[in-house]
There are 2 protein chains.
Amino acid sequence: MSIELSKAERTRQYIIEKTAPVFNEKGYAGTSIHDLTEATGLTKGSIYGNFENKDEVALAAFDYNFNTVTNYIKAQILATENSIERLLVYPKVYRKFLILPFLQPGCPILNTSTEADDTHPKLREKAAKALAFWKTSIENQIKRGMVRGEIKKNTNPTLIAIILVSIIEGSIMQAKVVQNAKDLKVAMDYLEKIILDLKA
Amino acid sequence: MSIELSKAERTRQYIIEKTAPVFNEKGYAGTSIHDLTEATGLTKGSIYGNFENKDEVALAAFDYNFNTVTNYIKAQILATENSIERLLVYPKVYRKFLILPFLQPGCPILNTSTEADDTHPKLREKAAKALAFWKTSIENQIKRGMVRGEIKKNTNPTLIAIILVSIIEGSIMQAKVVQNAKDLKVAMDYLEKIILDLKA
DNA sequence: TTAATAAAATACCGATCGGTATATTTTAGT
DNA sequence: ACTAAAATATACCGATCGGTATTTTATTAA
């Protein structure tokens, strides 16, 4: 049994997959153990046999949610070559977040940050690291573009990363609460202009 | 007893004032009735004598939190005359939100929206209306500036309102989760430039 | 195939949840 | 000062919370 996953490892993964969307939608405090048994079809005993407590499931679920988004974005980025086009992937993806199943409960970073910032240090820390990772990878895309001569030499990568993330997260919040993507579209149009303005 | 408030009305107000920060910090699901008795020093009986249920306290608390921020902003705005200066009040206020006591748990609209969008229709509705009110008043400030010849004629008030709100909410989320205002400062500097760029 | 082991289900725990009925105290008009 | 009414506190309710000990079932290596 070297290569294949053990039963426990498979179950653990199954629990994470099934409960991750629940945590993203209802939040940590709003999700009960009963919600987890419902989402998985398993019993409490099985869940507590694979996880120490609710915290551990929630932390694993956050990683899963974040990785799902990250992998989707990464695939789109690797499908393009030019740095400007790569940056344009973000508005392109987030403008249709209401129809992407794994993004329908909103951005995991946004949801987790606003709930956990004052209440749950471990989750807060995870969200903070995920945010830092995201911003660093945007900065690196911009630096790459400057090296390749595709992006203006005087561009401030950190500034652009901060503004890009702010506009995306702020407009997702708005779209979710009013339950339509009208203003999100406007914000993503604006963000695309900012990005196209970086062109060398 | 015509003019003065009845005991019940005063107690009701007192409960709202004391519990509003708790709801803003811990969220609806994360706040228990025990939290409310702790924050007020009152008993369950007293709270349920003045409110039908937890929902009613939470909804009143949201209004209180939103009005607190709104009144503070309004006072700053009325202290200025020029439309550009009035718009600059927003970055000026939010860049120091970590030291304004009533803003330390974050923006009530942001906190309530991200928690309630998928779970609590009444709270979601309140947050949506508060957001609409905010954006409308920004739009009106811009329109006023155009009439007064202080803001460029070709300015799109709706677009500026959407971007202003997005940048503020998105950067507040970031500042809260990483627990420092470094990037918030950068975002507010950028927002100030956008506003100054509207000058006729 | 079997026996040891691992995993999942069942049954249960005390604590806390939101909420209520009732008793006690405060308030407020006379 | 007295009393009726209003407001608050006490005591309690069933349900659900997160979590665990134990039993049953499934897995896995020999």
Side-chain angles (χ1 to χ4, degrees), chain A residues 1-20 22-62 112 115-116 119-124 126, chain B residues 1-20 22-62 112 115-116 119-123:
Chain A
M1 277 306 99
S2 46
I3 282 171
E4 295 153 42
L5 295 128
S6 74
K7 186 76 211 307
E9 281 164 333
R10 274 183 288 134
T11 305
R12 192 183 155 91
Q13 201 53 33
Y14 170 82
I15 292 171
I16 293 170
E17 281 166 27
K18 291 292 184 186
T19 61
V22 182
F23 275 110
N24 200 25
E25 182 177 318
K26 298 190 173 186
Y28 176 79
T31 301
S32 68
I33 305 294
H34 177 71
D35 289 329
L36 307 186
T37 63
E38 232 181 17
T40 55
L42 297 172
T43 59
K44 250 195 265 198
S46 172
I47 286 168
Y48 277 92
N50 290 285
F51 293 88
E52 210 185 300
N53 49 35
K54 184 182 155 187
D55 249 59
E56 206 183 298
V57 190
L59 294 169
F62 174 81
T112 304
E115 177 183 9
T119 60
H120 200 302
K122 288 182 196 164
L123 264 180
R124 199 217 95 241
K126 269 207 181 285
Chain B
M1 279 302 99
S2 46
I3 283 171
E4 295 151 41
L5 295 129
S6 75
K7 186 78 210 309
E9 281 164 333
R10 274 182 289 134
T11 305
R12 192 183 155 92
Q13 200 55 31
Y14 171 81
I15 293 171
I16 293 170
E17 281 167 27
K18 292 292 183 185
T19 61
V22 182
F23 276 111
N24 199 25
E25 183 176 316
K26 299 190 172 185
Y28 177 79
T31 301
S32 68
I33 305 294
H34 177 71
D35 290 328
L36 307 186
T37 63
E38 232 180 18
T40 55
L42 298 172
T43 59
K44 251 195 263 199
S46 173
I47 286 168
Y48 276 92
N50 290 283
F51 293 89
E52 209 184 300
N53 49 35
K54 183 182 155 186
D55 248 59
E56 206 184 296
V57 189
L59 294 169
F62 174 80
T112 304
E115 177 183 8
T119 59
H120 199 301
K122 288 182 198 165
L123 264 179

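Below, chains carry the letters A, B, ... as their sequence lines are ordered, and counting in each starts from 1.
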Asker: Looking at A:N50, does any N or O in its side chain come under 4.0 Å of the phosphate oxygens OP1/OP2 on C:dA7?
Answerer: no
Asker: Can you tell me how far apart CD1 (A:I47) and CD1 (A:I33) are? Round to the nearest 0.5 Å.
Answerer: 7.0 Å
Asker: Contact class for B:T31 (heavy atom, under 4.0 Å): base, sugar-phosphate, or nothing?
Answerer: sugar-phosphate
Asker: How about NZ on B:K54, more than 12 heavy atoms from neighbouring residues, nucleotides or ligands closer than 6.0 Å, or not?
Answerer: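 More than 12 heavy atoms, drawn from other residues, nucleotides or ligands, come within 6.0 Å of this atom.
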Asker: May I ask you to say what B:G45 touches in the nucleic acid, namely base, sugar-phosphate or nothing, with a heavy-atom cut-off under 4.0 Å?
Answerer: base
Asker: To the nearest Å, how far apart are B:H34 NE2 and D:dC12 C1'?
Answerer: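 The answer, rounded to whole Å, is 18 Å.
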Asker: Does B:K44 contact C:dG19 through a side-chain donor or acceptor facing the base, at a distance under 3.5 Å?
Answerer: yes
Asker: Ignoring backbone atoms, test whether B:Y48 places a side-chain nitrogen or oxygen under 4.0 Å from the OP1 or OP2 oxygen of C:dT20.
Answerer: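 For C:dT20, OP1/OP2 do not have a side-chain N/O of B:Y48 under 4.0 Å.
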Asker: Base, sugar-phosphate, or nothing for B:S32, non-hydrogen atoms under 4.0 angstrom?
Answerer: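 Sugar-phosphate contact only - B:S32 comes under 4.0 Å of backbone atoms but never of a base.
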Asker: Taking the six-membered ring for Trp, are A:H120 and A:Y28 parallel (under 30°), tilted (30 to 60°) or perpendicular (over 60°)?
Answerer: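 The arrangement is perpendicular - the two ring planes meet at more than 60°.
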Asker: Identify whether any heavy atom of A:T37 sits under 4.0 Å from a base atom; if not, whether one sits that close to sugar-phosphate; answer base, sugar-phosphate or nothing.
Answerer: nothing
Asker: Can you measure B:F23 atom CZ to C:dG18 atom C1' for me and round it to whole angstrom units?
Answerer: 12 Å
Asker: Given C:dA7, is OP1 or OP2 found less than 4.0 Å from the side-chain N or O atoms of A:T11?
Answerer: no
Asker: So do A:L36 and A:T19 actually touch side chain to side chain, heavy atoms under 4.5 Å?
Answerer: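 The answer is yes; the side chains approach within 4.5 Å.
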